[in-house]
There are 2 protein chains.
Amino acid sequence: MSLPHAILTALLEKPSSGLELTRRFDRSIGYFWSSTHQQIYRELGKLEQAGHIRALPSPQPTRGQKKEYEVLPAGRAELADWVGRSEDPRPVRDPLLLRLRAAAAVGGGDVEAELVRHLELHRAQLADYREIERRDFPPERRISRQDRLRHVVLRGGIELESFWTGWLTATLAELTGAGAAGPGAAEGAFGHEAPDGPAGASGRTRPDAASDGA
Amino acid sequence: MSLPHAILTALLEKPSSGLELTRRFDRSIGYFWSSTHQQIYRELGKLEQAGHIRALPSPQPTRGQKKEYEVLPAGRAELADWVGRSEDPRPVRDPLLLRLRAAAAVGGGDVEAELVRHLELHRAQLADYREIERRDFPPERRISRQDRLRHVVLRGGIELESFWTGWLTATLAELTGAGAAGPGAAEGAFGHEAPDGPAGASGRTRPDAASDGA
DNA sequence: GCCGACATGTAAATTGTTACATGATTAG
DNA sequence: CTAATCATGTAACAATTTACATGTCGGC
């Protein structure tokens, strides 16, 4: 999957120990590929065995002792190769949307408080991103392709959080703004089947794409 | 996690067999919680053992034979309880954003083709969602809370896809529109650490994507 | 000498993916 | 009767999460 490549990226940006990586996964790289220290240590071991990274020489590499890693040429090559690979977007798997859908199915439940809570969280994350953008990407600067890439990734984070705050705000307005009609209304609504696509007997299929052109 | 609750929701909406569920996970429920038939069968077994669902009586429940399930009161109770629970948004884990960040780190690589491909996929999904909205949620209809919930969930899907198409379009413009300056420029850019600690909430401003319905 | 922070790990359980196996039903 | 399709599963593996275990170092 992508964890080793996230680690290679982080180590290319700056050689680090496992704990340092863990911290950067809490705020920088981890904004787009989150992970925990357990996974990171395990993956560091694999990457070292594979000859993609190596531990910088140190006095005694014992247990509680800091151990820094750097990327080897083989690791850089692997990452460059991965960058050129193709991968479909992952299907959405969002507990909040599912929860609302479940709320529609069982009826009742005050979901509004949870929506407000999420709104605050997303607003905070958005403010965080905006601050990083203000600090690292001043408007008139002449920038390299590297910086452009980093900036569009950050824009992705900003716009994603903007989507959430916008949708949550609108949803709260929709759910609290007008009184709910009685239950048991209109059939045929979303949740009662979408039109049939060509569905094979095994596994999910991304509902057809590439047809578009618009 | 959420898979059993996704299944309970789907079965509440309509009792189904494993294969029918698999198909609905390809187009309806699965838009927000994807899964495969293997996982679904495994989970159906667990839910049955837990007394949350039961197989509808049928002649002989042998192997290749269709087996329909319905939700029992205990299952409905569990789902209602889950709806009321609180859960933080999942940290982002997106291979495409990570890939761009890796491209910035290793330099080179033409990432543009992959962006175009994703743009087409998201446009197709967006068109699909819009069609469902047009069909299932005509504008002037008086609607119940159930329908409101289902509609906001669909709006979530629509706005999420709008975010992607908007961001991908802008990113392609940014990367192909202007010639890249030489490599090795500006340090201190995003990717070289963000500030520590939590950030306060802030008012939202809408940048550009994820627009239309909110 | 001990405590808290730093630092690296192990183990077990759950969840998700990939590949394969098997039986039933129906059209030709 | 045979192939395609419907339908339900098993097995093995990979990824992720949660809980715990161990060791080092500096300050007091």
Side-chain angles (χ1 to χ4, degrees), chain A residues 1-7 15-26 30 33-50 53 55-56 58-69 87-88 90-95 98 196 198-206, chain B residues 1-7 11 15-26 29-30 32-50 53 55-56 58-69 82 87-95 98 196:
Chain A
M1 283 269 275
S2 303
L3 176 58
H5 304 107
I7 291 176
S16 305
S17 68
L19 191 59
E20 280 163 5
L21 275 179
T22 298
R23 290 195 178 135
R24 293 167 63 198
F25 270 80
D26 280 345
W33 196 274
S34 69
S35 192
T36 61
H37 85 268
Q38 292 91 337
Q39 260 188 301
I40 288 167
Y41 282 117
R42 180 152 31 90
E43 206 61 46
L44 282 172
K46 285 191 202 169
L47 285 168
E48 189 177 23
Q49 272 205 316
I53 63 174
L56 292 179
S58 79
Q60 340 94 305
T62 67
R63 187 166 172 127
Q65 204 92 4
K66 188 169 172 172
K67 203 159 79 174
E68 290 218 305
Y69 292 93
E87 187 174 358
D88 280 352
R90 316 196 129 196
V92 176
R93 210 172 259 178
D94 187 89
L98 179 60
D196 253 346
S202 63
R204 17 157 303 274
T205 58
R206 280 293 285 163
Chain B
M1 282 268 276
S2 302
L3 177 57
H5 304 106
I7 291 176
L11 286 181
S16 306
S17 68
L19 189 61
E20 281 164 5
L21 275 178
T22 299
R23 288 189 179 143
R24 292 166 64 197
F25 270 80
D26 279 345
I29 274 279
F32 311 108
W33 197 274
S34 68
S35 192
T36 61
H37 85 268
Q38 292 90 337
Q39 258 189 301
I40 288 168
Y41 282 118
R42 185 166 46 183
E43 207 61 47
L44 282 172
K46 285 190 201 170
L47 285 167
E48 189 175 24
Q49 272 206 316
I53 63 174
L56 292 179
S58 79
Q60 341 92 306
T62 68
R63 186 166 173 131
Q65 205 91 5
K66 187 169 172 174
K67 201 159 80 175
E68 290 220 302
Y69 292 93
W82 180 76
E87 186 174 356
D88 280 352
R90 314 196 129 194
V92 176
R93 209 172 261 180
D94 186 88
L98 179 60
D196 262 336

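These figures come from a predicted structure and were not determined experimentally. Chain naming here is simple, since letters A, B, ... match the order of the sequence lines and numbering starts at 1 in each.
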request  = Please tell me which of Trp33(A) and Gly18(B) maps to the more 5' nucleotide of DNA chain D, matching each residue to the nucleotide holding its nearest heavy atom.
outcome  = Gly18(B)
inquiry  = If the condition is side chain to side chain contact (heavy atoms under 4.5 Å, CB included), which residues does Pro91(B) pass it with, not counting sequence neighbours?
reply    = Ser34(A)
message = Any base atoms under 4.0 Å from Ser17(B), or only sugar-phosphate, or nothing? Heavy atoms, all strands.
response = sugar-phosphate
query = How would you list, by chain and number, every residue that makes a side chain to side chain contact (heavy atoms under 4.5 Å, CB included) with Asp26(A), sequence neighbours excluded?
reply = none
remark   = Residue pair Leu19(A)/Ser2(B) against DNA chain C: nearer the 5' end by closest nucleotide is Leu19(A)
message = Return whichever of Glu20(B) or Ser35(A) has its heavy-atom-nearest nucleotide of DNA chain D closer to the 5' end.
response = Glu20(B)
key: Sugar-phosphate only, base, or nothing, as touched by Arg93(B) at under 4.0 Å among non-hydrogen atoms   = sugar-phosphate
ask   = Any side-chain N or O of Tyr41(B) under 4.0 Å from OP1/OP2 of dT8(D)?
value = yes
task = Applying side chain to side chain contact (heavy atoms under 4.5 Å, CB included), name anything that partners Ala50(A), two or more places apart in sequence or on another chain.
result = His52(A)
Restricting both atoms to N or O, compile the protein contacts to nucleotides 11-14 of chain D shorter than 3.5 Å, with distance only.
none

inquiry  = List the residues meeting side-chain hydrogen bond (donor to acceptor under 3.5 Å, both in side chains) with Glu87(A), not counting sequence neighbours, and say none if there are none.
reply    = Arg99(B)
note = Ranking dT17(D), dG9(C), dT8(D) by distance to the side chain of Tyr69(A), first place goes to dG9(C)
inquiry  = One pair to check against side-chain contact (heavy atoms from CB on, under 4.5 Å): Trp33(A) and Leu98(B). What are the steps and the verdict?
reply    = CA-CA 7 Å; Trp33(A) 196 274; Leu98(B) 179 60; 4.1 Å; yes
message = Can you see if the side chain of Lys66(A) gets near the phosphate of dG23(D) - specifically, an N or O under 4.0 Å from OP1 or OP2?
response = no
request  = Could you please name the option among dA7(D), dT8(C), dT17(C) that lies closest to any side-chain atom of Arg23(B)?
outcome  = dA7(D)
ask   = Is any side-chain heavy atom of Leu44(B) less than 4.5 Å from a side-chain heavy atom of Leu21(B)?
value = yes
task = Starting from C1' on dT18(C), measure out to NE2 on His37(B) and report it in whole angstrom.
result = 11 Å
query = Gln65(B) has a side chain; which of dG9(C), dT25(C), dT17(D) sits nearest to it?
reply = dT25(C)
task = To the nearest Å, give me how far apart CG (Leu98(A)) and C1' (dT15(C)) are.
result = 15 Å
inquiry  = Can you identify which nucleotide, out of dC6(C), dG16(C), dA24(C), has its nearest atom closest to the Gln39(B) side chain?
reply    = dG16(C)
query = Sequence neighbours excluded, which residues qualify as salt bridge (Lys or Arg N to Asp or Glu O under 4.0 Å) partners of Glu20(A)?
reply = Lys66(A)
inquiry  = Nearest whole Å is fine: how far is dT17(D) C1' from Arg90(B) CZ?
reply    = 11 Å
